[in-house]
Amino acid sequence: MIDIQLVRRDPERVRAALARRGDDFDLDRLIASDARWRAQTGRRDEVRGRIKSLSRDVGEARRAEDAGRTEELAGQSRSLGQEEKSLDAEVAALEAERRELLLLIPNLPDPEVPDGRSPADNGVRRWWSPGPGSEGRSEPPDPSEYGPHQRVPHWEIGAQLGVLDMERGSKLSGSMFPVYRGLGAKLLRAMNAMALDRHADAFEEIRPPTLVRTDTMVSTGHLPKFADDAYHIERDDLWAIPTSEVPLASLRRGEILAEGDLPVRLTAGTSCFRREAGSAGRETRGVLRVHEFDKVELFAYTTPRQAQEMFGEIVGRAEGLLRELGLAYRVVDLCAGDLGQASARTYDLEVYAPGSDQWLEVSSVSWCGDYQARRASIRYRPADGSGPAYVHTLNGSALAPGRPWAALVETGRQEDGSVRLPECLRPYLGGAAEIPAP
RNA sequence: GGAGGGAUGGCAGAGCGGCCGAAUGCGAGGCUCUUGAAAAGCCUUGGGAUGCAAGUCCCCGUGGGUUCGAAUCCCACUCCCUCCGCCA
């Protein structure tokens, strides 16, 4: 959540920042609620203070065996108790209201974030496509370089080669649950393994639970606002994670870290679950939008000073994997209106899929500032001896193999219908260099 | 799933219902002594709300209750440990 102090001190700044997002949050309601809460809390605390001091006097009177005075003071305290009780109930209600409002406010966009309301306003920061040299080219891909054999969508290729079975996935679990088969399944596993291995130099590998408590979902900003997007298991009141960002952010929830331990770099590969409510339609063909998919996530806790550099590091690492896979991609700077709830700045990596002539979002790197750290109460003790301060959190997909899988089979498709697989995956594929033509 | 035991400050570990936000030890930081180090001695050492500040208030797993007054008593929940059952 955002800093309530900032809302009090400079409401116009907060209002302006929220307006950039196109958010319709009613800030005045929060300001009023906060003011009421403060006023009543002050009154309650004053009454409590009087009760405390009276109670001490009761103790003294009792020790002095002054029964009359004891009863008199106790009586005074008793009647204050009534007052305290009703004030306390009021404070509790105001506190709940204030918190509820506060949890709904999205993060404030960083000033560098481009203006805009829709994906059309996003800024492309750079392009990359493979060849001709080993460095690749920093320019948009040339459509004429893709032959007609590559202009086939991945779901057709997958069915043709027997490596993707959407129909049977539907039989098991409904639409948008793919079944990968044979080399298709291996290819997915290979990319997961590679993504995890590539960051083992600096990121600690975590295998977290994929079912989590409500608090864990609240910490990242996925609840309470986006409850409809997540799977919820009623019986045990657990949520299926939409990304391993969720458990990784809560790993150190409620803790105070030593500055010397920062940055903390974590990586995890898990299944991710999304209901994708109301997204039936054209963009849901094949594996592009599914309810369950694998993703290898990079996550970091940093000091505010380290955040910028970490953002670059994570983007760079995600780019590195796409280059290794030989996929053409572009780096997109999300505009204010397209940012996620918790993010102050996001770069998306989009891969070019020739089969459907589309750019597919395959990675999203976000700097959340202290927004999640406030929700989850994750702080660090600055080395200079000042009081605990909130950490910054950053997250990004290293690789979410589903969509790259699609881009890979389209890009690698040969004229004879076989699919050529990238060099870097061979060690993970038992040496296989292609998915043979049927 | 059944039966027991437990949850207190960075850690360990006390705590008759009444100055207990909390003894003590360890750890950590500072200082003294020392050529330096060790040892010793002295001092400091949780978090939060509110307030310009002084201060006031809250936090002893969480939430309720009893009481003039709760870390201490009662209830519920959560988590941890031990044993039994089940199981990959």
Side-chain angles (χ1 to χ4, degrees), chain A residues 1-10 30-103 207-219 233-239 247 250-262 264 271 370 373-391:
Chain A
M1 59 189 123
I2 64 169
D3 184 1
I4 186 70
Q5 309 277 3
L6 180 64
V7 177
R8 288 177 195 158
R9 210 181 328 119
D10 197 353
L30 172 69
I31 291 170
S33 173
D34 178 57
R36 279 199 304 275
W37 170 80
R38 271 198 290 177
Q40 291 308 86
T41 300
R43 287 197 194 104
R44 182 201 59 184
D45 287 355
E46 193 195 320
V47 172
R48 274 188 183 172
R50 270 152 63 199
I51 291 174
K52 276 183 86 163
S53 98
L54 273 171
S55 293
R56 274 192 289 267
D57 296 343
V58 170
E60 258 174 55
R62 230 178 121 188
R63 272 190 295 279
E65 294 180 12
D66 183 343
R69 186 168 161 73
T70 302
E71 194 34 54
E72 189 201 325
L73 291 170
Q76 283 178 29
S77 182
R78 234 190 313 268
S79 63
L80 278 178
Q82 295 303 315
E83 198 179 331
E84 196 261 356
K85 207 168 175 180
S86 75
L87 278 171
D88 196 45
E90 224 178 304
V91 167
L94 287 168
E95 201 167 65
E97 177 187 88
R98 175 177 176 270
R99 180 178 163 76
E100 197 180 304
L101 290 170
L102 213 40
L103 284 178
R207 175 49 242 227
T210 47
L211 296 179
V212 299
R213 294 175 184 282
T214 298
D215 284 350
T216 306
M217 289 283 280
V218 169
S219 293
I233 298 168
E234 296 284 344
R235 184 172 166 144
D236 298 291
D237 194 17
L238 289 169
W239 300 81
S250 278
L251 203 62
R252 312 301 290 273
R253 188 169 74 215
E255 298 186 28
I256 302 177
L257 313 177
E259 177 165 0
D261 291 341
L262 297 173
V264 171
S271 284
D370 62 14
R374 281 180 192 281
R375 288 175 161 244
S377 184
I378 306 166
R379 291 167 294 172
Y380 73 102
R381 217 177 280 285
D384 65 14
S386 55
Y390 288 107
V391 300

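Proteins come first, then strands; the chains are lettered A, B, ... in the order of their sequence lines, and each starts at number 1. Worth knowing before you read on, the calculation uses all heavy atoms, side chains too, and leaves out hydrogens, waters and symmetry mates.
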Using atom [atom1] in both nucleotides, what's the gap between [N] and [M] to the nearest angstrom?
N	M	atom1	value
B/rU56	B/rG51	C1'	9 Å
B/rA71	B/rC19	C1'	15 Å
B/rG2	B/rG18	P	38 Å
B/rG6	B/rA76	P	16 Å
B/rG64	B/rU72	P	14 Å
B/rU50	B/rG41	P	43 Å
B/rU8	B/rG13	C1'	9 Å
B/rU24	B/rC81	P	32 Å

Test your reading of the model: is there a side-chain donor-acceptor pair from [X] to the backbone of [Y], 3.5 Å cut-off?
X	Y	result
A/Arg48	A/Glu84	no
A/Ser55	A/Ile51	yes
A/Ser250	A/Pro247	no
A/Ser79	A/Gln76	yes

My understanding is that a pair needs two contacts under 3.5 Å, Watson-Crick or G-U wobble. By that rule, which nucleotide pairs with [N]?
N	result
B/rG55	B/rU50
B/rC83	B/rG2
B/rU32	B/rA40
B/rU67	none
B/rG27	B/rU45
B/rC77	B/rG61

More than 12 heavy atoms from other groups under 6.0 Å of CZ on A/Arg50 =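 It does: A/Arg50 CZ has more than 12 such atoms within range.
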message = Taking CZ in A/Arg62 as the centre, count heavy atoms belonging to other residues, nucleotides or ligands within less than 6.0 Å. Is the count above 12?
response =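 No, the 6.0 Å shell around CZ holds no more than 12 heavy atoms from other groups.
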Which part of the nucleic acid, if any, lies within contact of [X], taking any heavy atom under 4.0 Å across all strands shown: a base, the sugar-phosphate backbone alone, or nothing?
X	answer
A/Arg69	nothing
A/Arg38	sugar-phosphate
A/Gln5	sugar-phosphate
A/Gly42	nothing
A/Arg62	base
A/Arg8	sugar-phosphate

message = If you assign A/Ala389 and A/Gly49 each to the RNA chain B nucleotide with the nearest heavy atom, which residue ends up on the more 5' nucleotide?
response =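 It is A/Ala389, whose closest nucleotide lies nearer the 5' terminus.
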query = Taking the nucleotide of RNA chain B with the closest heavy atom to each, which residue, A/Lys52 or A/Val58, is nearer the 5' end?
reply =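 Counting from the 5' end, the first nearest nucleotide belongs to A/Lys52.
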task = Considering only NZ, NE, NH1 and NH2 on the basic side and carboxylate oxygens on the acidic side, decide whether A/Arg56 and A/Glu60 come within less than 4.0 Å.
result =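 No, this pair does not count.
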ask   = Are any of the side-chain heavy atoms of A/Trp37 and A/Val91 separated by less than 4.5 Å?
value =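 Touching, per the 4.5 Å side-chain cut-off.
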inquiry  = For chain A and RNA chain B, what are the first and last nucleotides along the strand, 5' to 3', with at least one atom under 4.0 angstrom from a heavy atom of the protein chain?
reply    =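 Going 5' to 3' along RNA chain B, contacts run B/rG18 to B/rC79.
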